[in-house]
K.L.:
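Dropping the structure in here first, questions after.
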There are 2 protein chains.
Amino acid sequence: MKLIHQLSKETGIPIPTLRFYEKSGLISGRRKTGVSTNNYQFYEQGAIDKLNFVQMAKAVGFTLNEIKEVVDLWYKKEITQKAQFEVLDKRLLQIDEKIAELNAMKKQIKICKENIENRNS
Amino acid sequence: MKLIHQLSKETGIPIPTLRFYEKSGLISGRRKTGVSTNNYQFYEQGAIDKLNFVQMAKAVGFTLNEIKEVVDLWYKKEITQKAQFEVLDKRLLQIDEKIAELNAMKKQIKICKENIENRNS
DNA sequence: TTGAACTATGAAGTATACTGCATACTTGTG
DNA sequence: CACAAGTATGCAGTATACTTCATAGTTCAA
């Protein structure tokens, strides 16, 4: 049960960005039951898990919408198993494509390095 | 020696985007020597190589600026070999980080799939 | 109890990467 | 030689993902 400040500290994501993510539907807190004097939102471990995933996915070029599709079914039972697997399997394919592209880039950069070595020797 | 239309066809990148890339310094054509009636830019194979690299790098989350740093030394001799290697090695590290992140995401998504399977059975 | 720190909300601003529009000139085909 | 298609240029507009600002209310330590 963390407030936004602590969530920010634990994930390294600035508070305004977390608010933006909340508004975008990526994470959501809830008010403490029985407290009506404020509107402070409390977050659980699940929010941290989601945010860690968001950071990884962003780093490899997924859009927030693509990430949201996965994160949305993190704890959901409403949609069918088939529909859930469709989303997840699509992402797994994208991931493998990205890994292949990264390996192709490595190859390309290594060729580039060899060219530099050869013409400077 | 291709005009922008053909460059677009061969890479699948829309002409306005190619113009944007040219303005950003990612690619550059040159005018046919001796022709002064127009300002048509001609591109060589190198432009295609660069654009293929750009597309891969973009797909895995590199920014145009990061990509430009690599592409800039594609055919350049001016900067020192050490400086060139620095840029390239930095990108190689980033690539390995991204691959690690993609593998972590795969693991996460597979766990997510297992959870779905278990709670629906 | 007061003031610093924290929280919420809404609206405006910024950076990146395009995307479209208007204009104008050039080239190739029937 | 008309005219469709291609090229160049500049500027405005859009989408995504934040980031900043202004305002206002809340909590807690001294």
Side-chain angles (χ1 to χ4, degrees), chain A residues 1-44 47 50-72 94 101, chain B residues 1-44 47 50-72 94 101:
Chain A
M1 296 286 273
K2 308 154 200 293
L3 281 167
I4 199 162
H5 191 76
Q6 200 181 341
L7 197 60
S8 169
K9 259 201 303 196
E10 286 182 35
T11 59
I13 300 172
I15 291 175
T17 306
L18 291 176
R19 294 203 197 284
F20 173 75
Y21 286 168
E22 172 131 41
K23 214 167 54 183
S24 311
L26 271 172
I27 53 164
S28 58
R30 44 182 157 168
R31 300 170 52 182
K32 234 177 193 158
T33 43
V35 177
S36 56
T37 53
N38 65 35
N39 197 26
Y40 291 10
Q41 299 293 312
F42 288 85
Y43 302 89
E44 322 207 0
K50 285 181 183 180
L51 290 169
N52 287 335
F53 185 80
V54 168
Q55 283 178 301
M56 285 191 297
K58 265 181 46 60
V60 294
F62 286 99
T63 68
L64 288 189
N65 272 346
E66 287 170 327
I67 297 166
K68 187 166 149 44
E69 280 194 341
V70 173
V71 164
D72 271 354
Q94 282 181 297
E101 279 165 329
Chain B
M1 297 289 272
K2 309 154 200 294
L3 281 167
I4 199 161
H5 191 76
Q6 202 182 341
L7 197 60
S8 169
K9 258 201 303 195
E10 286 182 34
T11 59
I13 300 172
I15 291 175
T17 305
L18 291 176
R19 294 202 198 287
F20 172 76
Y21 286 167
E22 172 131 41
K23 214 167 53 183
S24 311
L26 272 171
I27 54 164
S28 58
R30 44 184 156 167
R31 298 170 52 183
K32 233 174 194 161
T33 44
V35 176
S36 55
T37 51
N38 65 33
N39 197 26
Y40 291 10
Q41 299 294 311
F42 288 84
Y43 303 88
E44 322 207 0
K50 285 181 182 179
L51 290 169
N52 286 336
F53 185 82
V54 168
Q55 285 179 300
M56 284 191 296
K58 266 182 45 62
V60 294
F62 286 99
T63 67
L64 288 189
N65 273 345
E66 288 171 327
I67 297 167
K68 187 166 148 43
E69 279 195 342
V70 174
V71 164
D72 272 352
Q94 282 181 298
E101 279 165 329

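Within every chain, numbering begins at 1; the chains are lettered A, B, ... in the order of the sequence lines, protein sequences first and strands thereafter. Note that this is a predicted model, so its numbers are computed, not measured.
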K.L.:
Please report the distance, rounded to the nearest Å, between OH in B/Y21 and C1' in C/dA17.
P.N.:
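Value for this atom pair: 7 Å.
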K.L.:
From C-beta outward on A/N38, which listed nucleotide comes closest to its side chain: D/dT27, D/dT9, D/dC18?
P.N.:
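Output: D/dT27.
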K.L.:
When you get a sec, tell me which of C/dT7, D/dT7, C/dA8 is the closest nucleotide to the side chain of A/I15?
P.N.:
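The nucleotide sitting nearest to the side chain is C/dT7.
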K.L.:
Kindly say if A/R19 contacts the phosphate of C/dT9, meaning a side-chain N or O under 4.0 Å from OP1 or OP2.
P.N.:
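No, A/R19 has no side-chain N/O under 4.0 Å of OP1/OP2 on C/dT9.
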K.L.:
Report the nucleotide, chosen from D/dC18, C/dA8, C/dT27, that has the shortest atom-to-atom distance to any side-chain atom of A/K58.
P.N.:
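When the side chain of A/K58 is considered, D/dC18 is the closest of D/dC18, C/dA8, C/dT27.
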K.L.:
Looking at A/Q55 and A/T11, would you say the former's side chain and the latter's main chain have a donor-acceptor pair under 3.5 Å?
P.N.:
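Yes.
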K.L.:
Which nucleotide in the list C/dT16, C/dA8, D/dA17 gets nearest to the side chain of B/N65?
P.N.:
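Of all the options, the side chain of B/N65 is nearest to C/dT16.
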K.L.:
Atom CD1 of A/I4 and atom P of C/dC6: how far apart are they, to the nearest Å?
P.N.:
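Interatomic distance, CD1 of A/I4 to P of C/dC6: 13 Å.
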K.L.:
Any idea which of C/dT27, D/dG6, C/dT7 is nearest the B/T37 side chain?
P.N.:
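It is C/dT27.
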K.L.:
Taking the side chain as C-beta and beyond, is there a heavy-atom pair between B/L18 and B/Y43 under 4.5 Å?
P.N.:
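A side-chain contact under 4.5 Å is absent here.
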K.L.:
To the nearest Å, how far apart are B/L3 CG and C/dT27 P?
P.N.:
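Computing the B/L3:CG to C/dT27:P distance gives 11 Å.
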K.L.:
Please report the interatomic distance CD1(A/I67) to CZ(A/F62), rounded to the nearest 0.5 Å.
P.N.:
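One gets 8.0 Å once the value is rounded to the nearest 0.5 Å.
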K.L.:
Using the side-chain heavy atoms of B/F20, tell me which of these nucleotides is nearest: C/dC18, C/dC6, C/dT26.
P.N.:
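Selected nucleotide (nearest to the side chain): C/dC18.
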K.L.:
Picking from C/dT27, C/dT9, D/dG25, which would you name as closest to the side chain of B/Y40?
P.N.:
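Of the candidates, C/dT27 comes closest.
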K.L.:
Reading DNA chain C from 5' onward, which residue's closest nucleotide shows up sooner: A/K23 or A/F42?
P.N.:
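Whichever sits nearer the 5' end wins; that is A/F42.
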K.L.:
Can you figure out which of D/dT26, C/dA8, C/dA17 approaches the side chain of A/Q41 most closely?
P.N.:
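Within the option list, the nearest is C/dA8.
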K.L.:
Are B/L64 and B/F20 close enough that some pair of their side-chain heavy atoms sits under 4.5 Å apart?
P.N.:
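Contact flag for B/L64/B/F20 side chains = yes.
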K.L.:
Please tell me which of the listed nucleotides, D/dC18, D/dT7, C/dT7, lies nearest to the side chain of A/T17?
P.N.:
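So the nucleotide nearest the side chain must be D/dC18.
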K.L.:
What is the distance, to the nearest angstrom, from the CD atom on B/Q55 to the P atom on C/dA17?
P.N.:
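Checked: the CD to P distance equals 15 Å.
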K.L.:
As a test of reading the structure: which of C/dT9, C/dT7, C/dA17 is closest to the side chain of A/H5, going by heavy atoms?
P.N.:
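In terms of side-chain proximity for A/H5, the closest of C/dT9, C/dT7, C/dA17 is C/dT7.
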K.L.:
What is the distance, rounded to the nearest whole Å, between atom CG of A/L64 and atom C1' of D/dC18?
P.N.:
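In whole Å, D/dC18 C1' and A/L64 CG are 9 Å from each other.
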K.L.:
Atom CD1 of A/I13 and atom C1' of D/dT19: how far apart are they, to the nearest Å?
P.N.:
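Rounding to the nearest Å, CD1 of A/I13 and C1' of D/dT19 are 15 Å apart.
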K.L.:
Does A/S8 offer a backbone N or O that forms a donor-acceptor pair with the side chain of A/E10 under 3.5 Å?
P.N.:
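Here the side-chain-to-backbone pair does not exist.
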K.L.:
Where each residue is assigned the nucleotide of DNA chain D containing its nearest heavy atom, which of A/F62 and B/Y43 is assigned the position nearer the 5′ end?
P.N.:
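Closest to the 5' end, via its nearest nucleotide, is B/Y43.
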K.L.:
I need the CG-P distance between B/L18 and D/dG6, as an integer number of Å.
P.N.:
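Roughly 15 Å, once rounded to whole Å.
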K.L.:
Heavy atoms only, 4.0 Å cut-off, all strands: where does B/S24 land among base, sugar-phosphate and nothing?
P.N.:
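No contact.
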K.L.:
Do A/L7 and A/I27 have side-chain heavy atoms sitting under 4.5 Å apart?
P.N.:
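Touching, per the 4.5 Å side-chain cut-off.
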K.L.:
Rounded to the nearest Å, what distance is computed from the CZ atom of residue A/R31 to the P atom of nucleotide D/dT26?
P.N.:
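Value for this atom pair: 11 Å.
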